[in-house]
Trainee: 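I'd like to ask some things about the structure below.
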Amino acid sequence: YLPKIQKAIWNNRQLRFQYQNFDNKVSERAGSPLGLVLQGKRWYLIAHTTKGLRTFRVSRILEAEPLEQVCYYPEAFDLENFWQESKKNFKATLPTYFATVEMCQKAFERFGLMGRYAKLLESTSLANGWLKARIQFETEQDALAWALSLGSKVKIITPPKLKQELLEQLIDIEQIY
């Protein structure tokens, strides 16, 4: 639907579209498309709606149709400034989950493969050649999946609940085999 969105922007026309949110709920939306932003490999539509300025991932737009009504363009709107502020707000509202682990060098080398919202906050070398690290994950599930994927190459130190979840998962796996 990118061409239809572009046409609405170029012709200064409002846009009606169906949007599927992250929970897969579909809703009818309408508003004034103010611009498109390419972030990585994803396009985002910035639009003025009845709820104010909103950002929509274009890949979640299921249908789109330019309307006859002329766009409302807020005074002093700056697409680049809005996008930078929007990214900052998005990152600030991401869920966070912290864990302290000990991991071998191989696990440390795989750290970048664990997801885009995980962040190594600090690490120190241990005498046994391992590293002690404090990691910020998006969710407990992300931390658990990462730890399970590394098996004996990682040891959970805190939080105790994550360690317990890991042990329960290992028991469930053992029962299968």
Side-chain angles (χ1 to χ4, degrees), residues 1-101 107-123 133-149 158-159 161-162 165:
Y1 297 99
L2 193 55
K4 287 186 177 186
I5 296 168
Q6 289 170 324
K7 182 179 177 182
I9 293 169
W10 290 329
N11 293 327
N12 197 32
R13 295 291 179 241
Q14 290 191 23
L15 185 71
R16 181 179 327 148
F17 56 98
Q18 282 191 345
Y19 189 72
Q20 183 175 18
N21 71 10
F22 64 94
D23 287 333
N24 294 322
K25 293 179 184 167
V26 177
S27 61
E28 186 82 18
R29 308 286 181 106
S32 296
L34 304 176
L36 288 163
V37 176
L38 181 62
Q39 176 73 36
K41 295 180 181 180
R42 291 191 173 106
W43 282 100
Y44 293 88
L45 166 66
I46 312 304
H48 185 272
T49 70
T50 57
K51 295 181 180 180
L53 292 171
R54 295 289 187 261
T55 302
F56 301 95
R57 187 187 295 179
V58 171
S59 62
R60 291 186 178 155
I61 293 177
L62 305 176
E63 289 182 23
E65 197 59 47
L67 302 173
E68 289 301 316
Q69 292 92 345
V70 175
C71 281
Y72 166 75
Y73 203 86
E75 223 174 282
F77 174 75
D78 181 286
L79 182 61
E80 184 177 349
N81 287 340
F82 175 82
W83 181 250
Q84 294 306 321
E85 191 65 26
S86 181
K87 284 193 324 184
K88 187 172 100 179
N89 291 339
F90 174 75
K91 288 177 183 177
T93 61
L94 285 174
T96 54
Y97 184 84
F98 299 96
T100 302
V101 303
F108 181 72
E109 290 166 5
R110 290 191 58 204
F111 183 80
L113 303 174
M114 60 194 268
R116 58 184 235 210
Y117 297 120
K119 183 177 181 183
L120 180 65
L121 300 175
E122 59 187 73
S123 67
R134 181 159 163 76
I135 302 172
Q136 177 183 329
F137 294 91
E138 188 172 343
T139 66
E140 179 183 2
Q141 265 318 109
D142 292 339
L144 180 61
W146 177 76
L148 283 168
S149 75
T158 62
K161 184 176 182 234
L162 179 60
E165 288 287 330

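Residues take their numbers from the sequence shown, with the count starting at 1. Note: hydrogens, waters and symmetry copies are ignored here, and every other heavy atom, side chains too, is used.
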Trainee: According to side chain to side chain contact (heavy atoms under 4.5 Å, CB included), who are the partners of Pro74, at least two apart in sequence or on a separate chain?
Mentor: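 Listed in chain order: Leu34, His48, Leu53, Tyr72, Phe77.
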Trainee: Leu67: which residues meet the side chain to side chain contact (heavy atoms under 4.5 Å, CB included) condition with it, sequence neighbours left out?
Mentor: Gln14, Arg16, Gln69
Trainee: Using the test side-chain hydrogen bond (donor to acceptor under 3.5 Å, both in side chains), find all partners of Thr93 that sit at least two apart in sequence or belong to another chain.
Mentor: none
Trainee: List the atom of Leu79, the atom of Gly35, and the distance in Å for their closest heavy-atom pair.
Mentor: CD2-CA, 4.0 Å
Trainee: Using side chain to side chain contact (heavy atoms under 4.5 Å, CB included) as the criterion, list what pairs up with Leu62, not counting sequence neighbours.
Mentor: Gln18, Gln20, Val26
Trainee: Quick one: salt bridge (charged side-chain N to carboxylate O under 4.0 Å, His left out) partners of Lys161, sequence neighbours excluded?
Mentor: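 Expected list: Glu140.
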Trainee: For Thr49, what residues pass the side-chain hydrogen bond (donor to acceptor under 3.5 Å, both in side chains) criterion, not counting sequence neighbours?
Mentor: none
Trainee: Going from OG on Ser27 to CZ on Phe17, what distance comes out if it is rounded to the nearest 0.5 angstrom?
Mentor: 8.0 Å
Trainee: If you measure from CD1 on Ile46 to CD on Glu80, what distance do you get to the nearest 0.5 Å?
Mentor: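 That separation rounds to 12.0 Å.
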Trainee: Which heavy atom in Phe98 sits nearest to a heavy atom in Pro159, and how many Å separate them?
Mentor: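 What the structure gives for the nearest pair is O-CD, 3.4 Å.
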Trainee: According to side-chain hydrogen bond (donor to acceptor under 3.5 Å, both in side chains), who are the partners of Lys4, at least two apart in sequence or on a separate chain?
Mentor: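 Counting only residues at least two positions away or on another chain, Lys4 forms a side-chain hydrogen bond (donor to acceptor under 3.5 Å, both in side chains) with Glu65.
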Trainee: Could you measure the distance from the CG atom of Asn21 to the CZ atom of Arg57? Nearest 0.5 Å is fine.
Mentor: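 The distance works out to 11.0 Å.
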Trainee: Taking side chain to side chain contact (heavy atoms under 4.5 Å, CB included) as the test, write out the residues that go with Lys87, two or more places apart.
Mentor: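 Here the qualifying residues are Gln39, Trp83, Gln84.
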Trainee: Begin with the C-alpha distance, continue with both residues' side-chain angles, and end with the deciding distance and a verdict on side chain to side chain contact (heavy atoms under 4.5 Å, CB included) for Glu138 and Thr96.
Mentor: CA-CA 5 Å; Glu138 188 172 343; Thr96 54; over 6 Å; no
Trainee: I need the Ile61 CD1 to Leu15 CG distance, nearest 0.5 Å.
Mentor: 6.5 Å
Trainee: Who are the side-chain hydrogen bond (donor to acceptor under 3.5 Å, both in side chains) partners of Glu85, not counting sequence neighbours?
Mentor: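 Listed in chain order: nothing, the list is empty.
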Trainee: Applying side chain to side chain contact (heavy atoms under 4.5 Å, CB included), run through Phe137 and Leu144 and close with a yes or a no.
Mentor: CA-CA 10 Å; Phe137 294 91; Leu144 180 61; over 6 Å; no
Trainee: Any chance the side chains of Thr139 and Asp142 put a donor and an acceptor closer than 3.5 Å?
Mentor: yes
Trainee: How far does SG of Cys71 sit from CD1 of Ile9, to the nearest 0.5 angstrom?
Mentor: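 Answer for the SG-CD1 pair, Cys71 versus Ile9, is 8.0 Å.
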Trainee: Within this structure, what is the OG1-CZ distance for the pair Thr55 and Phe82, rounded to the nearest 0.5 Å?
Mentor: 4.0 Å
Trainee: My understanding is that only residues two or more places apart in sequence, or in another chain, count here; which of them pass ring pair (Phe, Tyr, Trp, His ring centres under 6.0 Å) with Tyr19?
Mentor: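 Tyr19 satisfies ring pair (Phe, Tyr, Trp, His ring centres under 6.0 Å) with Phe56 only.
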